[in-house]
Structures are given as C-alpha cells and as structure tokens.
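This one's a predicted model, so the numbers in the text were calculated from it and none came from an experiment.
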Amino acid sequence: MGKRNLFEKVWDAHTVRELPSGQTQLFVGLHLIHEVTSPQAFQMLRERGLRVMHPERTWATVDHIIPTDISDRPFLDDLAERMMVAMEENASEFEIPLFGMDDPRRGIVHVIGPELGLTQPGMTIACGDSHTSTHGAFGAVAFGIGTSQVRDVLASQCLAMSRPKVRRVSVDGTLGPGVYAKDLTLHVIGSLGVKGGVGYAYEYAGGVLDRMSMEERMTVCNMSIEGGARCGYVNPDETTFEYLQGRPEAPRGADFDRAVDWWRSIASGPGADYDDIVEIDAAEIAPTVTWGINPGQSCSVGGSLPAPGEAGADAGSVAEALDYMGFEAGQPIAGTPVDVAFIGSCTNSRISDLREAAKVVKGRKAAADVKALVVPGSQKVGDQARREGLDEIFRAAGFEWREAGCSMCLAMNPDKLEGRQLCASSSNRNFKGRQGSPTGRTLLMSPAMVAAAAVSGRVTDVRLMLNGG
C-alpha cells in the first residue's frame with residue numbers, strides 16, 4: 001500500500017466521526033467570515049438560541065460590498081451600510097474579532113488570512129466564499145461553503161462533508177518570460193475543463209510549483225474551484241515556512257520550530273497514492289486570455305477563437321459564448337479592444353501582482369478611452385505599494401488608485417461595468433453579468449496582461465512590452 005497524501009492526512013486528522021449518510025463530520029480549524037454570507041447565519045443562531053462555539057477560531061473582515069473610493073460612513077449605498085452594521089453588531093455580540101473599516105489589517109479575506117499568519121499548513125479552513133481554496137497554497141485543506149454551512153461552523157465548528165478523491169496536477173519545466181501563475185491556472189482549467197475537477201481535490205506539484213513564491217501558489221490554488229475541484233493545495237516546504245515566520249498570528253520561537261516539524265510531516269512525499277495524475281509541460285503555457293463566459297473558455301494570446309462545430313459536446317456552450325461576447329469564430333483574441341482594465345481581486349491583488357503590472361505601465365500611459373483601476377488586496381498591500389512608489393507609477397500612467405476591497409471582481413459595490421463594456425480583468429470569473437452589468441463582458445488574464453491591455457487599448461501580448469516594444 002502506498003503512502004497517504006497530504007489531503008488524506010489532514011482530512012483524517014480532523015475527522016470527528018463518519019456519519020450514517022456516508023459523509024464525514026469534519027472539524028474546522030479556522031473559520032473566516034465576511035459581511036455578505038454571514039448575516040443570515042448569525043440570525044439562524046439567534047433563532048435557535050445558540051452561541052458561537054469557538055469564537056477564537058473565527059475571524060471577520062469586510063471586503064465585498066465596501067466602496068474603494070469614498071468610504072465615509074454611512075455608505076452612500078443603503079444596503080451596503082446595513083450589511084456593514086450587521087457585521088459590526090454580530091462580531092460584537094458573538095465576540096468575534098473584526099477587521100473593520102478603520103483597521104489597518106483589513107482587506108480581502110483570502111489576502112489577509114495568509115498575510116496575518118492565520119492560514120497555516122495542515123489546517124482545515126472554511127469561509128462563505130468560493131475562492132477559499134486560495135489558502136491551500138499553504139498545505140491547508142480549504143473549502144468555500146454556503147450560508148447554512150457558515151451557520152453550522154459557527155454553532156459546532158464542524159461541517160458534514162463528502163470526501164473527495166485526490167488528483168495530482170504536476171507542472172514541470174520552466175515558464176517562459178511573461179508567463180505567470182495566472183496563465184498556468186487558466187491553462188490547467190482550459191485543459192481539464194470547468195467540470196474536470198468535480199469530485200476531486202487538486203494537489204499542485206512539480207518543479208514549477210516548487211519554485212513559485214507563496215503569492216504565486218495562492219493564485220493557482222485560488223482558481224481551483226473554477227475547474228470544478230472542491231479545493232486545491234500545494235505541499236508545504238521551506239518557501240512556506242519562510243513566508244510564515246514572524247507573521248502576527250503564526251507560532252513563535254520554539255513553538256514555530258515544533259510547528260515546522262509537524263508541517264513537514266504532513267506533506268505528501270514520495271510514493272503517495274493519488275486517484276489520478278495529470279502531467280503538464282510548462283513550455284506549453286503561454287500568456288492566456290479567456291474569450292467566453294466561463295474560465296475554461298480561453299486561448300493563448302496568439303490564438304484564435306474556436307468554432308462551435310470544432311467543440312464537440314461543448315458546441316452549444318461555445319455558440320452561446322460567442323453570441324454573448326459579440327465575437328466571431330476564428331477571430332484572433334489579440335487586438336480585441338477593451339473599455340476597462342481592472343487589476344485586483346483575491347486572485348491577483350498582492351504586492352507581487354502590482355509590481356509585475358507596474359513594470360509594464362512604467363513610462364507609459366493608459367489608452368485615452370480605457371478606464372483603468374488598481375485595487376490592492378489589503379491595507380497592508382496598499383501601504384507596501386505606496387512605500388515602493390507603485391501607486392505613483394500607476395497614477396502617472398492614468399490609472400485610478402483605490403483602497404483595499406473586492407471591487408470590480410463581483411461588483412457588489414460601486415465599481416461596476418456599464419452596458420456592454422469589455423473589461424480586461426485579473427479576477428477569477430467571467431460569467432455573464434459578473435462585473436455588475438447584465439450585458440458586461442470580461443476577459444480574464446494576468447495583471448501584467450491587464451496592464452498591457454490598458455496601455456495599448458486592446459488585448460496585447462505582454463511579452464512584446466517586456467521586451468521593450
């Protein structure tokens with residue numbers, strides 16, 4: 001018999017019992033909440049006369065509905081203000097720490113968890129947000145959950161879950177210049193399909209992942225859900241430990257050394273068993289752009305859009321996407337005009353993302369007819385960017401510099417597309433209406449590619465700009 005992989009070790013360590021339904025009652029080590037999916041859950045607790053079982057394991061932030069420009073209270077949007085008040089009252093009543101509007105630790109939930117050291121290897125992590133898989137970059141098993149499950153975790157610190165299978169996605173070789181973690185994850189989703197991961201947890205591995213920074217790994221794990229996977233993770237290693245050391249909520253001194261010993265022990269290691277293995281050659285990955293209405297509908301920046309007749313069982317979806325986007329089969333994606341350029345979201349709003357985009361923007365100007373904005377993922381990221389002068393680089397190029405928040409990723413705030421605007425976005429979803437307009441259109445790409453599109457006014461191969469073009 002082979003050895004257990006990390007997922008199996010962490011799952012088994014957090015199993016309370018097997019339920020008659022065949023599901024597992026799984027203990028949740030860290031629960032992250034925000035202002036959108038928690039109000040109803042807290043109300044359910046009140047209706048049942050329940051308290052939060054482990055408030056010390058629950059941390060709250062505000063990110064989805066907050067404005068990123070004018071943040072004076074009360075908010076101009078009455079619904080946003082009411083949601084903020086509910087979050088503040090719930091956190092106070094149930095004694096949960098809250099990173100509120102005036103807290104320098106505030107930011108997007110999947111950005112601040114890691115940067116504060118709350119996210120650690122070997123944890124089970126839950127949050128009422130699809131992209132909780134981000135935290136798997138640390139060797140955690142992290143799930144997005146619905147509001148009723150938020151209630152369950154608040155009340156019992158447990159979830160009833162079916163155990164997924166594990167697929168190892170190994171990426172070996174070397175990514176070329178101008179090819180980023182975002183391109184890798186879009187390539188994986190495009191190759192395996194948006195439903196290819198259903199029933200699986202993804203273990204990302206191989207030489208490319210081994211060499212990635214923690215922020216790059218977070219980008220890859222973030223979009224696991226877009227490929228249908230229940231979660232995604234990377235085995236913890238020295239890069240992980242170095243990132244965590246000294247973080248405010250991470251262990252310290254001898255406790256940190258003991259933690260590292262355990263974190264090493266949970267890694268999959270040689271000989272681990274998997275239900276499936278996929279191998280990808282990094283040389284096949286180019287700067288990648290979505291052209292359709294789900295993250296699997298993508299092509300390389302040098303590619304062309306498919307015809308429905310070439311898509312087999314996906315013909316209907318391809319035809320629907322082409323019609324919605326106003327594109328023609330066979331047209332090249334490069335050269336597509338854009339109206340808006342958005343750099344931000346829990347996928348790509350960390351300091352390394354802003355640095356890469358600033359390299360493209362520096363000394364250039366955004367096209368006159370493009371609305372371009374940069375939204376840091378946290379107050380800390382914004383502060384670091386200002387210390388490095390990145391905000392001035394973007395401002396000089398005609399970009400709007402905003403305060404931390406989810407912003408235009410899902411547009412539950414004033415940052416929205418208008419009408420049929422087409423947005424080059426570093427976010428994670430290109431669904432119909434995702435960015436605030438029922439007819440708005442989204443092209444997903446790396447932050448550097450978004451910067452290139454903003455400057456040129458159209459989809460452009462960033463490698464040309466990085467080479468001095």
Side-chain angles (χ1 to χ4, degrees), residues 6-7 9-11 13-14 26-34 54 56-61 63 96-99 103 105-145 153 157 159 181 201-204 209 212-225 230-252 255-256 259-260 262-264 266-267 345-353 377-381 404:
L6 178 143
F7 182 89
K9 294 177 186 179
V10 175
W11 185 279
H14 291 81
L26 199 70
F27 182 81
V28 175
L30 174 65
H31 188 201
L32 301 169
I33 61 175
H34 56 82
H54 285 292
E56 75 281 2
R57 291 185 177 271
T58 301
W59 300 74
T61 191
D63 55 5
I96 291 170
L98 168 65
F99 306 125
D103 195 311
R105 298 169 294 178
R106 180 182 62 80
I108 301 174
V109 64
H110 308 313
V111 175
I112 67 169
E115 72 181 16
L116 292 172
L118 291 167
T119 304
Q120 298 171 24
M123 279 185 163
T124 47
I125 300 175
C127 176
D129 186 277
S130 301
H131 297 98
T132 307
S133 53
T134 307
H135 305 266
F138 291 80
V141 172
F143 304 101
I145 57 177
V153 178
Q157 206 60 39
L159 283 171
Y202 279 1
E203 175 179 297
Y204 299 102
L209 274 297
M212 278 186 172
S213 69
M214 290 309 302
E215 295 192 353
E216 291 173 310
R217 295 175 186 181
M218 283 186 256
T219 293
V220 174
C221 290
N222 174 275
M223 292 190 67
S224 301
I225 190 70
R230 193 65 183 89
C231 63
Y233 68 89
V234 179
N235 283 297
D237 58 12
E238 296 303 323
T239 301
T240 318
F241 311 148
E242 182 179 345
Y243 178 97
L244 283 171
Q245 191 163 24
R247 300 275 168 181
E249 300 300 327
R252 295 182 177 276
D255 288 340
F256 184 82
V260 167
W262 185 70
W263 294 342
R264 283 199 179 98
I266 63 170
S345 88
C346 62
T347 313
N348 282 124
S349 63
R350 298 172 182 84
I351 191 65
S352 59
D353 299 313
S378 71
Q379 301 284 70
K380 183 177 178 180
V381 171

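Between the CG atom of Asp103 and the CG atom of Leu98 there is a distance of 7.5 Å, given to the nearest 0.5 Å. Rounding to the nearest 0.5 angstrom, the gap separating the OG atom in Ser213 from the CD1 atom in Ile351 is 12.0 Å. Here the OH-OG distance, from Tyr233 to Ser224, works out to 11.0 Å after rounding to the nearest 0.5 Å. In this structure, the separation between CD on Glu56 and OG1 on Thr58 is 8.0 Å, given to the nearest 0.5 Å.
At distances below 3.5 Å, at least one donor-acceptor pair connects side-chain atoms of Asp63 with backbone N or O atoms of Val109. Checked by atom type and distance alone, the side chain of Arg350 never pairs as donor or acceptor with a backbone atom of Thr219 at under 3.5 Å. Proximity of a side-chain donor or acceptor of Lys380 to a complementary backbone N or O of Arg105 within less than 3.5 Å is not detected. Ser133 places a side-chain N or O within 3.5 Å of a backbone atom of Cys221 that can act as its donor or acceptor partner. Side-chain atoms of Arg57 come within 3.5 Å of backbone N or O of Gly29 as a donor-acceptor pair.
Across Pro236 and Leu6, no two heavy atoms sit closer than the pair CD-CD1, 3.5 Å. Contact between His34 and Gly128 at its shortest, heavy atoms only, is NE2-O, 2.9 Å. When all heavy atoms are compared, the tightest approach of Ile145 to Arg230 is CG2-NH2, 4.4 Å. Between Gly377 and Val111, the shortest heavy-atom contact is O-CB, 3.8 Å. The two residues Pro251 and Ala259 come nearest to each other via the heavy atoms CG-CB, 4.1 Å. Here the closest heavy-atom approach between residue Arg247 and residue Arg252 is recorded as O-NH2, 3.7 Å.
Environment of CD in Glu242: sparse, with no more than 12 heavy atoms of neighbouring residues, nucleotides or ligands closer than 6.0 Å.
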Report task. Starting from the C-alpha separation in whole Å, work towards a yes-or-no answer on side chain to side chain contact (heavy atoms under 4.5 Å, CB included) for Arg217 and Thr239. Result -> CA-CA 10 Å; Arg217 295 175 186 181; Thr239 301; 3.9 Å; yes
Query raised in the report: When you look at Val381 and Ser349, which way does the side chain to side chain contact (heavy atoms under 4.5 Å, CB included) test go after all the steps?
Result: CA-CA 8 Å; Val381 171; Ser349 63; over 6 Å; no
Report task. Please step through side chain to side chain contact (heavy atoms under 4.5 Å, CB included) for the pair Glu249 and Trp59, ending with a clear verdict. Result -> CA-CA 12 Å; Glu249 300 300 327; Trp59 300 74; 3.8 Å; yes
Query raised in the report: Is there a side chain to side chain contact (heavy atoms under 4.5 Å, CB included) between Leu244 and Phe138 once you walk through the steps?
Result: CA-CA 9 Å; Leu244 283 171; Phe138 291 80; 4.0 Å; yes
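Put simply, the side chain of Leu116 reaches to within 4.5 Å of the side chain of Phe99, judged on heavy atoms. Contact annotation: the side chain of Thr347 approaches that of Met223 to within less than 4.5 Å [non-hydrogen atoms, C-beta and beyond]. The side-chain heavy atoms of Val234 and Val220, taken from C-beta on, include no pair separated by under 4.5 Å. Put simply, the side chain of Ile225 reaches to within 4.5 Å of the side chain of His131, judged on heavy atoms. In this structure the side chain of Arg264 reaches within 4.5 angstrom of the side chain of Glu238, judged on heavy atoms. Side chains of Glu115 and Ser378 form a contact here, defined as non-hydrogen atoms less than 4.5 Å apart.
Among Thr132, Ile33, Leu30, the one residue that satisfies the side-chain contact (heavy atoms from CB on, under 4.5 Å) test with Cys127 is Thr132. For the side chain to side chain donor-acceptor pair (under 3.5 Å) with His110, the lone residue among Asn222, Thr61, Asp129 that qualifies is Asp129.
A side-chain donor-acceptor contact under 3.5 Å links Thr240 and Asp237.
Relative orientation of the His14 and Phe27 rings is parallel, given thresholds of 30° and 60° on the angle between their planes. Using cut-offs of 30° and 60° for the angle between ring planes, the Phe7 and Phe143 rings count as perpendicular.
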